[in-house]
Amino acid sequence: MSTIRKIQVTFDCAEPERVARFWCEVLGYVAPPPPEGFATWDEYNQSLPPEKRDSWFACSDPSGVGPRLYFQRVPEGKVAKNRVHVDVRAGIGLVGEERLATLEAECARLVALGAVRVRLLAADEENESCIVMQDVEGNEFCLD
């Protein structure tokens with residue numbers, strides 16, 4: 001029997017909060033409260049270095065059924081790459097080598113189904129590792 005995976009839909013865009021709030025309205029999703037210690041998202045953004053401000057936003061299905069939507073600022077407009085891709089959440093809650101081993105095992109399973117591994121994005125000070133892949137038609141997605 002196969003395992004059902006949760007997904008996160010990620011949107012590349014110029015104005016993450018604006019696009020996220022649009023989709024909240026369209027889908028009945030809700031924006032999360034600001035991070036702990038901040039009264040508003042504006043206050044949180046002002047605490048960040050200028051290059052990091054307004055770089056992402058997220059929203060979710062309040063019932064918990066639908067996927068989380070994540071919006072990330074990118075410098076380029078749509079040219080050839082899809083501006084929306086799916087993140088397959090195979091490593092939720094895992095970090096370090098345990099996360100990498102889980103992602104690699106899932107990558108191998110998906111390659112056997114016809115996916116193509118593109119590259120590993122190694123963990124940094126902000127993000128855990130993920131693997132960029134392509135589906136059977138070349139559409140990018142991430143094992144996250």
Side-chain angles (χ1 to χ4, degrees), residues 1-24 27 29-62 64-144:
M1 183 165 154
S2 63
T3 302
I4 303 296
R5 301 279 186 207
K6 288 190 172 248
I7 65 166
Q8 168 177 286
V9 178
T10 300
F11 293 75
D12 290 347
C13 54
E15 298 177 74
E17 185 172 354
R18 179 174 166 254
V19 178
R21 292 195 182 277
F22 167 79
W23 282 103
C24 283
L27 300 174
Y29 272 37
V30 294
E36 189 172 328
F38 298 95
T40 67
W41 279 101
D42 285 338
E43 184 182 313
Y44 169 73
N45 273 315
Q46 291 305 311
S47 75
L48 299 173
E51 68 277 4
K52 298 282 187 180
R53 291 180 188 158
D54 300 312
S55 63
W56 67 274
F57 208 78
C59 60
S60 60
D61 175 353
V65 175
R68 178 178 188 249
L69 304 181
Y70 182 82
F71 303 84
Q72 62 187 7
R73 185 178 63 218
V74 296
E76 73 281 353
K78 169 102 170 79
V79 177
K81 180 181 182 260
N82 292 343
R83 289 179 59 90
V84 176
H85 66 269
V86 174
D87 285 350
V88 179
R89 310 292 317 270
I92 295 174
L94 303 176
V95 296
E97 293 303 314
E98 183 180 17
R99 179 182 178 86
L100 269 177
T102 299
L103 295 179
E104 291 293 352
E106 184 65 0
C107 178
R109 185 180 80 82
L110 298 179
V111 166
L113 296 174
V116 173
R117 179 190 178 117
V118 176
R119 67 186 173 282
L120 170 68
L121 297 177
D124 59 24
E125 47 297 324
E126 291 184 70
N127 301 296
E128 282 296 325
S129 296
C130 70
I131 299 174
V132 179
M133 301 188 74
Q134 292 178 339
D135 69 14
V136 294
E137 288 190 356
N139 298 303
E140 284 193 359
F141 68 94
C142 294
L143 279 179
D144 175 58

Undergrad: Please list, chain by chain and in numerical order, all residues satisfying salt bridge (charged side-chain N to carboxylate O under 4.0 Å, His left out) with Lys52, sequence neighbours excluded.
TA: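 For Lys52, the residues satisfying salt bridge (charged side-chain N to carboxylate O under 4.0 Å, His left out) (neighbours in sequence not counted) are Glu126.
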Undergrad: Would you mind listing every salt bridge (charged side-chain N to carboxylate O under 4.0 Å, His left out) that reaches into residues 29-45, with sequence neighbours excluded?
TA: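 Sorted pair list comes back empty.
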Undergrad: Under the salt bridge (charged side-chain N to carboxylate O under 4.0 Å, His left out) test, which residues partner Arg53, sequence neighbours left out?
TA: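 Not a single residue meets the salt bridge (charged side-chain N to carboxylate O under 4.0 Å, His left out) criterion with Arg53.
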Undergrad: Glu17: which residues meet the salt bridge (charged side-chain N to carboxylate O under 4.0 Å, His left out) condition with it, sequence neighbours left out?
TA: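 Glu17: salt bridge (charged side-chain N to carboxylate O under 4.0 Å, His left out) contacts with Arg21.
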Undergrad: May I ask you to test the Asp135-Val86 pair for a side-chain heavy-atom distance under 4.5 Å?
TA: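 Of all side-chain heavy-atom pairs linking Val86 with Asp135, none is under 4.5 Å.
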Undergrad: Quick check: closest heavy atoms across Cys130 and Leu120, and the distance to 0.1 Å?
TA: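 Shortest heavy-atom separation between Cys130 and Leu120 comes out as O-CD1, 3.4 Å.
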Undergrad: Go through the structure and list residues passing side chain to side chain contact (heavy atoms under 4.5 Å, CB included) with Ala123, not counting sequence neighbours.
TA: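 So Ala123 forms a side chain to side chain contact (heavy atoms under 4.5 Å, CB included) with Glu128, Ser129.
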Undergrad: Taking salt bridge (charged side-chain N to carboxylate O under 4.0 Å, His left out) as the test, write out the residues that go with Glu104, two or more places apart.
TA: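 Glu104 satisfies salt bridge (charged side-chain N to carboxylate O under 4.0 Å, His left out) with Arg117 once adjacent residues are dropped.
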Undergrad: Rounded at 0.5 Å granularity, tell me how far CZ in Phe71 sits from CG in Asp12.
TA: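 Here the interatomic distance stands at 11.0 Å.
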Undergrad: Not counting sequence neighbours, which residues clear side-chain hydrogen bond (donor to acceptor under 3.5 Å, both in side chains) with Asn45? List them please.
TA: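 Result, side-chain hydrogen bond (donor to acceptor under 3.5 Å, both in side chains) vs Asn45: Asp54.
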Undergrad: Could you list the residues that satisfy ring-ring contact (aromatic ring centres under 6.0 Å, His included) with Phe38, not counting sequence neighbours?
TA: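 Tyr44.
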Undergrad: Keeping to residues at least two apart or across chains, list the salt bridge (charged side-chain N to carboxylate O under 4.0 Å, His left out) pairs with something in residues 66-75.
TA: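 Counting only pairs at least two positions apart or across chains, no salt bridge (charged side-chain N to carboxylate O under 4.0 Å, His left out) contact touches residues 66-75.
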Undergrad: Under a 4.5 Å cut-off applied to non-hydrogen side-chain atoms, are Cys107 and Leu103 in contact?
TA: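 No, side chains not in contact.
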Undergrad: Under the criterion side-chain contact (heavy atoms from CB on, under 4.5 Å), I'd like the reasoning laid out for Asn127 against Leu121: C-alpha separation, chi angles, the key distance, then a yes or no.
TA: CA-CA 9 Å; Asn127 301 296; Leu121 297 177; over 6 Å; no
Undergrad: Which pair of non-hydrogen atoms, one from Cys13 and one from Pro16, has the smallest distance, and what is that distance?
TA: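 Minimum heavy-atom contact is SG-CA, 3.6 Å.
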Undergrad: Counting only heavy atoms not in Arg18, do more than 12 fall under 6.0 Å of its CZ?
TA: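 Atom CZ in Arg18 is not crowded, with 12 or fewer foreign heavy atoms closer than 6.0 Å.
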Undergrad: Among all residues two or more places apart in sequence or in another chain, which pass the side chain to side chain contact (heavy atoms under 4.5 Å, CB included) test with Ile4?
TA: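 With sequence neighbours excluded, Ile4 shows a side chain to side chain contact (heavy atoms under 4.5 Å, CB included) to no residue whatsoever.
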Undergrad: Which pairs would a plain distance check flag for residues 89-98, meaning a side-chain donor or acceptor within less than 3.5 Å of a matching protein atom at least two apart in sequence or in another chain?
TA:
{"unit_1": "Arg89", "atom_1": "NE", "unit_2": "Asp144", "atom_2": "OD2", "d": "2.6"}
{"unit_1": "Arg89", "atom_1": "NH2", "unit_2": "Asp144", "atom_2": "OD2", "d": "3.3"}

Undergrad: Heavy atoms only: give me the nearest Cys24-Ala31 pair and the separation to one decimal.
TA: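 Distance-wise, the nearest heavy atoms are SG-N, 3.9 Å.
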Undergrad: Apply side chain to side chain contact (heavy atoms under 4.5 Å, CB included) to Pro32 and list each qualifying residue two or more places apart in sequence or on a separate chain.
TA: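 So Pro32 forms a side chain to side chain contact (heavy atoms under 4.5 Å, CB included) with Trp41.
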Undergrad: At their closest point, which heavy atom of Lys6 faces which heavy atom of Gly64, and how far apart are they?
TA: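 Smallest interatomic distance, heavy atoms only, reads NZ-O, 4.3 Å.
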Undergrad: Between Leu69 and Gln8, does a side-chain contact (heavy atoms from CB on, under 4.5 Å) hold up when you go through it step by step?
TA: CA-CA 6 Å; Leu69 304 181; Gln8 168 177 286; over 6 Å; no
Undergrad: May I ask you to decide if Ala58's main-chain N or O and Tyr29's side chain share a donor-acceptor pair within less than 3.5 Å?
TA: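 Not at all, since once roles are kept as given, no pair shorter than 3.5 Å links the two residues.
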Undergrad: Find the distance between CE (Met133) and CZ (Phe141) and round it off to the nearest 0.5 Å.
TA: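 Here the rounded value is 4.5 Å.
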Undergrad: With side-chain contact (heavy atoms from CB on, under 4.5 Å) as the criterion, how do Leu113 and Arg109 come out once you've worked through the C-alpha distance, each side chain's angles and the decisive distance to 0.1 Å?
TA: CA-CA 7 Å; Leu113 296 174; Arg109 185 180 80 82; 3.8 Å; yes
Undergrad: Name the residue from Phe57, Trp56, Trp23, Phe22 that meets the ring-ring contact (aromatic ring centres under 6.0 Å, His included) definition with Phe11.
TA: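 That would be Trp23.
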